[in-house]
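Here, residue 1 is the first one in the sequence, and each next residue gets the next number. Computation of the quantities below employed the complete heavy-atom set of this structure, encompassing side-chain atoms and omitting hydrogens, waters and symmetry-equivalent molecules.
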Amino acid sequence: MIDSLFQKNVKRFDKKVKRSFFPESFLNEIYYSTVAYESNEYISYTSNFSIKYVLDGKELYFLDGKRYAPRAGQYLIINDGREIETKPIKGSEGISIFLEKKLITEVYQTLNSGAEELLDKGLVVNSMACPEFFENNFYHRDTLGLLLQKLSGTIKTSVQEAQPLRKEVYYLIAEKLIQSQKNIDTDINQIMRVKRSTREELYKKVLLAKEYIHSNLRSDFNLDLLSDNVGLSKYHLIRIFKSTFFQSPYQYYLICKVNLVKHYIEKGQHSLVEIADLCGFNDVFVLSKTFKKIEGITPSTFRHHTK
């Protein structure tokens, strides 16, 4: 087992800070920030593996001059040893999770070793085996994002009540990070291009397509607008999207729209007529037809099963 250092107490900052606020090197630690002030100052620091999860508003980061602006419900992945430049944005609320390279390597090697091998030889951590992650903004609908969504309440409580976090929390975050990146790597490799860099750029495009679809679920599906926003031709977008996610953008749109209907039904606060309006369906008939096409049952039957 590695002698990693864990910061059990979440650090909070809600006032202007300078570079000196951050350590020269981070441990396994978590920062919770709320920005209630205007600032034109940029803060730079060297990060270890880091996850920037935005709870409200948006945050701004620069990596090698490239701009990343994750919004509420999104998280940004940053690799070990990266120079980060960030600018506080008024109204933002977020969590920064820092993970030591030793911890990531331990979890990565354990997940990629057989049970018999670990029993016979134990784990000899090799820093050269440490993975490199795909840096990008991601929504909280994947393996890691769902965990961050759940943990955000625990982290905020830890700040407010000065409750220490358990070491297991950091191991769980590392595990879900590695698992989600493995899924992303599988998606990238589905894209039919030779160069890895080309596949990564196309993957960013289809992630943008997903983001656009989620932001416009209450509107009619418009392939022209979608392709314009993503920056790919309509045919190219459909082809790459299907090769990556095994469904067309329109099929994905319908599934997400039906999931939104299920969310409102499960809340039990609206009639189907109201839900049709909330989810952007022309009427209950169109809602029911779409729902049955995706789920195989009517929304009324689904509502009955949820009671």
Side-chain angles (χ1 to χ4, degrees), residues 1-37 39-55 57-70 75-90 92-108 125 127-128 130-133 135 137 144 147-148 151-152 154-178:
M1 185 61 67
I2 297 171
D3 184 23
S4 288
L5 296 175
F6 294 83
Q7 176 56 252
K8 296 182 180 180
N9 294 316
V10 177
K11 296 182 179 180
R12 177 173 187 167
F13 63 94
D14 50 14
K15 298 178 181 179
K16 288 186 179 182
V17 297
K18 296 183 178 180
R19 171 64 183 87
S20 57
F21 176 81
F22 297 102
E24 288 300 319
S25 59
F26 290 90
L27 309 175
N28 296 297
E29 51 191 309
I30 296 175
Y31 289 71
Y32 169 67
S33 64
T34 53
V35 182
Y37 55 87
S39 176
N40 292 317
E41 297 180 6
Y42 286 83
I43 304 168
S44 300
Y45 59 88
T46 304
S47 177
N48 53 9
F49 286 105
S50 180
I51 304 166
K52 312 298 186 184
Y53 180 50
V54 184
L55 299 171
K58 75 173 183 179
E59 297 180 346
L60 182 61
Y61 299 93
F62 290 90
L63 301 173
D64 293 335
K66 187 169 184 179
R67 182 178 184 272
Y68 294 88
Y75 68 89
L76 169 66
I77 297 296
I78 297 173
N79 279 304
D80 183 67
R82 298 285 266 153
E83 289 293 326
I84 298 176
E85 191 174 34
T86 181
K87 177 185 175 184
I89 297 179
K90 186 177 181 179
S92 66
E93 179 186 11
I95 295 168
S96 289
I97 302 170
F98 295 92
L99 301 169
E100 285 188 304
K101 184 177 181 179
K102 292 185 293 184
L103 174 72
I104 292 291
T105 305
E106 178 190 1
V107 176
Y108 179 77
V125 176
S127 61
M128 298 298 292
C130 187
E132 182 171 324
F133 298 129
E135 293 178 331
N137 295 332
L144 174 60
L147 174 66
L148 294 175
L151 283 180
S152 60
T154 302
I155 291 169
K156 291 173 72 172
T157 300
S158 175
V159 172
Q160 294 163 0
E161 301 179 7
Q163 296 178 355
L165 293 173
R166 295 175 290 106
K167 288 184 180 181
E168 287 83 353
V169 169
Y170 292 98
Y171 280 106
L172 181 59
I173 293 170
E175 177 187 301
K176 297 303 181 183
L177 168 59
I178 291 165

Closest contact, heavy atoms only, [X] versus [Y]:
X     : Y     : value
Lys58 : Ser92 : O-CB, 3.2 Å
Leu27 : Asn48 : O-ND2, 3.4 Å
Asp64 : Arg82 : OD2-NH1, 2.5 Å
Pro88 : Ile43 : CG-CD1, 4.3 Å
Pro70 : Leu76 : CG-CB, 4.2 Å
Ile89 : Glu59 : CD1-C, 4.1 Å

Heavy-atom side-chain proximity of [X] to [Y] below 4.5 angstrom:
X      : Y      : result
Leu144 : Ile51  : yes
Tyr170 : Ile30  : yes
Leu177 : Leu99  : yes
Leu63  : Asn79  : no
Ile173 : Leu147 : yes

Out of curiosity, [X] [atom1] to [Y] [atom2], how far, rounded to the nearest 0.5 Å?
X     : Y     : atom1 : atom2 : answer
Tyr32 : Arg12 : OH    : CZ    : 5.5 Å
Ile95 : Lys52 : CD1   : NZ    : 11.5 Å
Ser47 : Tyr61 : OG    : OH    : 9.5 Å

**Request:** State whether the side chain of Thr86 and the backbone N or O of Leu60 hold a donor-acceptor pair below 3.5 Å, judged by distance alone.
**Result:**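 Yes, Thr86 side chain to Leu60 backbone: donor-acceptor pair under 3.5 Å.
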**Message:** I'd like to know if Glu135 and Lys66 make a salt bridge, using a cut-off of under 4.0 Å between side-chain N and carboxylate O.
**Reply:**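 The answer is no: the pair does not qualify as a salt bridge.
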**Message:** What I want to check is whether the side chains of Asn28 and Glu100 have a donor and an acceptor closer together than 3.5 Å.
**Reply:**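 Their side chains do contain a donor-acceptor pair, which is all the 3.5 Å distance test asks for.
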**Residue of the set Phe133, Phe26, Tyr108 for which ring-ring contact (aromatic ring centres under 6.0 Å, His included) holds with Phe49** =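 Answer to the ring-ring contact (aromatic ring centres under 6.0 Å, His included) test with Phe49 among Phe133, Phe26, Tyr108: Phe133.
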**Message:** Tell me which one of Leu55, Val54, Val35 satisfies side chain to side chain contact (heavy atoms under 4.5 Å, CB included) with Glu93.
**Reply:**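 By the side chain to side chain contact (heavy atoms under 4.5 Å, CB included) criterion, Glu93 pairs with just one of Leu55, Val54, Val35: Leu55.
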